[in-house]
Enquirer: 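Got a structure for you, questions after.
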Amino acid sequence: MAEQRACEHSDLPHTEEIRPASVADPHRAMAFFTHQITRTLCSSAVRNAAIKHVTVIGGGLMGSGIAQVAAVTGHSVVLVDTSEDILKNSAKNIQGSLKRVAKKKFADKPEAGEEFVQKVLNNISTSTDAASVVQKTDLVVEAIVENLKVKQALFSTLDKVAPAHTIFVSNTSSLPIADIASSTARLDRFGGLHFFNPVPMMKLVEVIKMGATSQQTFDALLDFTKALGKHPVSCKDTPGFIVNRLLVPYMLEAVRLYERGHGSKEDIDVAMKLGAGYPMGPFELLDYVGLDTSKFIIDGWYEKEPENPLFAPSPLVNKLVAEGKLGKKTGEGFYKYK
C-alpha cells in the first residue's frame, strides 16, 4: 500500500514543475532524480501487475460465463448479484457447464473430471454485497442490465470503495464506455471487455479503449483476456464496437429487404447460409438474439445518429416486439418455435 500511495502521489499535478537542477543546487537535483525513479518504478509496477482477483457483477448468463472462464484459468472470482436465489441458480448453471466440459475433457478419467470441477468451483465465491467485495479486487467486470443509469449508479458506488489500482470494465454490447465511466473518477482505469455468448465456448473478446483509458490499463486487459484463453481484438469506443456495429445493421437490412418484398425471410436465410457460409441466416439470428435486444441496440444508436440510414428503426421489428414476439425465448419471432 505504501508503494501504491507513492505511485499515486507521483502523478499528482504540481504547482511547480521539477526540473534538473544545477550542481550548485544538490537538494533540487536529488528531488528531481528521486521523482524520476519513483515514476519509473510505479509505471513498471502497473505494467507487471497481473490481474488475479476478479469481481463479476451480474449472475446472469453472461456474468456466470465470465466467472466460469476466469475460475477455470486460476483466477480468484467473486460473483455478485442482488439475491441469494439468483446466485444459487448461477452456481448451479456453472457447475452444470463444468460437468459437461469435464465429461468431454476427461472422458476416460471420470475421477480427474470430478477433481477438475471441484478445483474450479473452489475458485468461485458469491456475495450480495458488491461494495464490500470490491475492496479487495484487481478487476471489476460489470455484466448487468443494459441500462445506462443503472450501470452509472453501480460504478459510482463502487468507485468510492475500490482500491486505486482496481480496473473497472463493462461487458456492454451497445452502450458507450465513456458514458458509463463518466460516473467515476478513474477514467484512466476504465475500459470495456465485450464477451460473446456462450462465454465458455466463444473465443472472441472485444477489448475497448476509450480516449481516457491509459495504455497500462489497456495492456492489462489484453493480457487478462489472453490469460483466459480468449482471442482479444482492440476496439475504439464507437457504437457496437466491431461485431455488433457490422452485425446489427446487416440484420436490419435483411428485414428491410423482406419489408420491401424483395425476398422471403426463408430464402434470405438460406441465401446467407449457403452463399456466404453463415451458420445462421439473419432472421434466425434475430430470433436467437432476441428482437427486443436488437431493437434496444438500434434505437440507442438512432437516438445518437438519426441521420445514419443504417441505424433507422424497422417498423416490422417494432411491431413484433410490441406484440411480445421476441424470438426463441417467447416461442415466436420471425419464426414459430415449439
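Positions are given from 1 along the sequence.
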Enquirer: Would you say that K151 contacts E146 through its side chain, given a criterion of any heavy-atom pair below 4.5 Å between the two side chains?
Expert: yes
Enquirer: Using a cut-off of 6.0 Å, state whether more than 12 heavy atoms not belonging to K265 lie near its atom NZ.
Expert: yes
Enquirer: May I ask you to check whether over 12 heavy atoms, not counting those of M201, lie within 6.0 Å of atom CE?
Expert: no
Enquirer: Any donor and acceptor pair, going by atom type alone, linking the side chain of T330 with main-chain N or O of L326 inside 3.5 Å?
Expert: yes
Enquirer: Minimum heavy-atom separation for T172 to L175, with atom names?
Expert: OG1-N, 3.0 Å
Enquirer: Who pairs with D269 by side-chain hydrogen bond (donor to acceptor under 3.5 Å, both in side chains), at least two apart in sequence or on another chain?
Expert: Y335
Enquirer: Is V270 isolated, or which residues cluster with it under the ILVMFWY side-chain rule of less than 4.5 Å, directly or via members?
Expert: L274
Enquirer: I'd like a table of donor-acceptor pairs (distance under 3.5 Å, sequence neighbours excluded) in which one partner is a side-chain atom from residues 69-76, with atom names and distances.
Expert:
residue	atom	partner	partner atom	Å
T73	OG1	V69	O	2.9
T73	OG1	A70	O	3.0
T73	OG1	H75	ND1	3.0
H75	ND1	A70	O	3.1
H75	NE2	I51	O	3.4

Enquirer: Not counting sequence neighbours, which residues clear side-chain contact (heavy atoms from CB on, under 4.5 Å) with S182? List them please.
Expert: Q152
Enquirer: Between S97 and N93 (side chain of the first, backbone of the second, donor and acceptor by atom type, cut-off under 3.5 Å), is there such a pair?
Expert: no
Enquirer: Return yes if some donor-acceptor pair links the side-chain N/O of E332 with the main-chain N/O of G327 below 3.5 Å, else return no.
Expert: no
Enquirer: So, does D188 use its side chain to make a donor-acceptor pair with the main chain of A212 at under 3.5 Å?
Expert: no
Enquirer: Do K329 and D292 sit within salt-bridge range, that is, some charged N less than 4.0 Å from a carboxylate O?
Expert: yes
Enquirer: Could you pull out all donor-acceptor pairs under 3.5 Å where a side-chain atom in residues 60-67 meets a protein atom, sequence neighbours excluded?
Expert:
residue	atom	partner	partner atom	Å
S64	OG	G59	O	3.0
S64	OG	G60	O	2.9

Enquirer: My understanding is that only residues two or more places apart in sequence, or in another chain, count here; which of them pass ring pair (Phe, Tyr, Trp, His ring centres under 6.0 Å) with F283?
Expert: Y258, F334
Enquirer: Counting only pairs under 3.5 Å, give me each side-chain donor-acceptor contact of residues 237-255, with atom names and distances, residues two or more places apart or in other chains.
Expert:
residue	atom	partner	partner atom	Å
D237	OD1	I177	N	2.9
D237	OD2	I177	N	3.2
D237	OD2	A178	N	2.8
N244	ND2	S173	O	3.3
E253	OE1	R256	NH1	3.2

Enquirer: Give the cluster check for I180 versus V140: same hydrophobic cluster or not, with ILVMFWY residues linked at side-chain heavy-atom distances below 4.5 Å.
Expert: yes
Enquirer: So do the side chains of R260 and L257 get within less than 4.5 Å of each other, counting heavy atoms only?
Expert: yes
Enquirer: If only atom types and distance count, is the side chain of N122 paired as donor or acceptor with the main-chain N or O of Q118 below 3.5 Å?
Expert: yes
Enquirer: For T184 and F168, run side chain to side chain contact (heavy atoms under 4.5 Å, CB included): C-alpha distance rounded to whole Å, both residues' side-chain angles, the deciding distance at 0.1 Å, then the answer.
Expert: CA-CA 10 Å; T184 75; F168 286 179; 4.3 Å; yes
Enquirer: Please set out all donor-acceptor pairs under 3.5 angstrom arising from side-chain atoms of residues 228-236, sequence neighbours excluded.
Expert:
residue	atom	partner	partner atom	Å
K230	NZ	V199	O	2.5
K230	NZ	M202	O	2.8

Enquirer: Where the side chain of T137 meets the backbone of V133, is there a donor-acceptor pair that is under 3.5 Å apart?
Expert: no
Enquirer: Does OH belonging to Y302 count more than 12 external heavy atoms closer than 6.0 Å?
Expert: no
Enquirer: Is any side-chain heavy atom of D267 closer than 4.5 Å to one of S264?
Expert: yes
Enquirer: Going only through I, L, V, M, F, W and Y residues with side-chain contacts under 4.5 Å, is there a path from V141 to L221?
Expert: yes
Enquirer: Going by heavy atoms in the side chains, are P282 and I268 under 4.5 Å from each other?
Expert: yes
Enquirer: Taking CD in E307 as the centre, count heavy atoms belonging to other residues, nucleotides or ligands within less than 6.0 Å. Is the count above 12?
Expert: yes
Enquirer: Could I get the full list of ring pair (Phe, Tyr, Trp, His ring centres under 6.0 Å) partners for F106, not counting sequence neighbours?
Expert: F116
Enquirer: Salt bridge check, E284 against K273: does any charged N sit closer than 4.0 Å to a carboxylate O?
Expert: yes
Enquirer: Compare all side-chain heavy atoms of N308 with those of W301 and state whether any distance is below 4.5 angstrom.
Expert: no
Enquirer: Does V161 reach the side chain of V134, with side-chain heavy atoms less than 4.5 Å apart?
Expert: yes
Enquirer: Do you know which of I208, N171, V207 makes side chain to side chain contact (heavy atoms under 4.5 Å, CB included) with L193?
Expert: V207
Enquirer: Please name all residues satisfying side-chain contact (heavy atoms from CB on, under 4.5 Å) with S156, sequence neighbours left out, ordered by chain then number.
Expert: K160, S183
Enquirer: Hydrophobic clustering (ILVMFWY, side-chain heavy atoms < 4.5 Å, transitive) - are I124 and I57 grouped together?
Expert: no
Enquirer: Is a side-chain N or O of T213 found less than 3.5 angstrom from the main chain of F218, in a donor-acceptor match?
Expert: no
Enquirer: Taking all atoms of both residues into account, what is the closest heavy-atom pair of R186 and A164, and its distance?
Expert: NH1-O, 3.9 Å
Enquirer: In this structure, would L87 and L154 fall into the same cluster of hydrophobic residues linked by side-chain contacts under 4.5 Å?
Expert: no
Enquirer: If we only count heavy atoms from C-beta on, is the Q215 to K209 side-chain gap below 4.5 Å?
Expert: yes
Enquirer: Before giving the answer on side chain to side chain contact (heavy atoms under 4.5 Å, CB included), spell out for T225 and V205 the whole-Å C-alpha distance, their side-chain angles and the decisive distance to 0.1 Å.
Expert: CA-CA 7 Å; T225 303; V205 177; 3.6 Å; yes
Enquirer: Does S170 use its side chain to pair, donor to acceptor, with the backbone of G192 at less than 3.5 Å?
Expert: no
Enquirer: Apply side chain to side chain contact (heavy atoms under 4.5 Å, CB included) to residues T128 and E84 and explain how you reach the verdict.
Expert: CA-CA 7 Å; T128 57; E84 292 292 349; 3.9 Å; yes
Enquirer: Treat each ILVMFWY residue as a node, draw an edge where side-chain heavy atoms are under 4.5 Å apart, and state whether I94 and I144 are in one component.
Expert: no
Enquirer: To check you understand the geometry: which heavy-atom pair defines the closest contact between L187 and A181, and what is its length?
Expert: CD2-O, 3.2 Å
Enquirer: With ring-ring contact (aromatic ring centres under 6.0 Å, His included) as the rule and sequence neighbours excluded, what pairs involving residues 129-154 come up?
Expert: none
Enquirer: Find out whether S294 and V317 are in side-chain contact, i.e. whether some heavy atom of one side chain is under 4.5 Å from a heavy atom of the other.
Expert: no
Enquirer: Salt-bridge test for E115 and K119: reply yes if a basic N is under 4.0 Å from a carboxylate O, no otherwise.
Expert: no
Enquirer: Shortest non-hydrogen contact from A185 to D159?
Expert: N-OD2, 2.7 Å
Enquirer: Looking at T166, is its backbone amide N or carbonyl O close enough to the side chain of R189 to form a donor-acceptor pair, meaning the two atoms are under 3.5 Å apart?
Expert: no
Enquirer: Go through the steps to decide whether D287 and K325 satisfy the test salt bridge (Lys or Arg N to Asp or Glu O under 4.0 Å), and finish with yes or no.
Expert: CA-CA 9 Å; D287 278 357; K325 299 174 181 177; over 6 Å; no
Enquirer: Using every non-hydrogen atom in the two residues, find where A130 and V80 come nearest and quote the distance to one decimal.
Expert: CB-CG1, 3.8 Å
Enquirer: Going through the distances and angles, do V169 and E142 end up as a side chain to side chain contact (heavy atoms under 4.5 Å, CB included)?
Expert: CA-CA 6 Å; V169 299; E142 169 270 310; over 6 Å; no
Enquirer: Just to verify, what does F196 make a ring pair (Phe, Tyr, Trp, His ring centres under 6.0 Å) with, not counting sequence neighbours?
Expert: H194
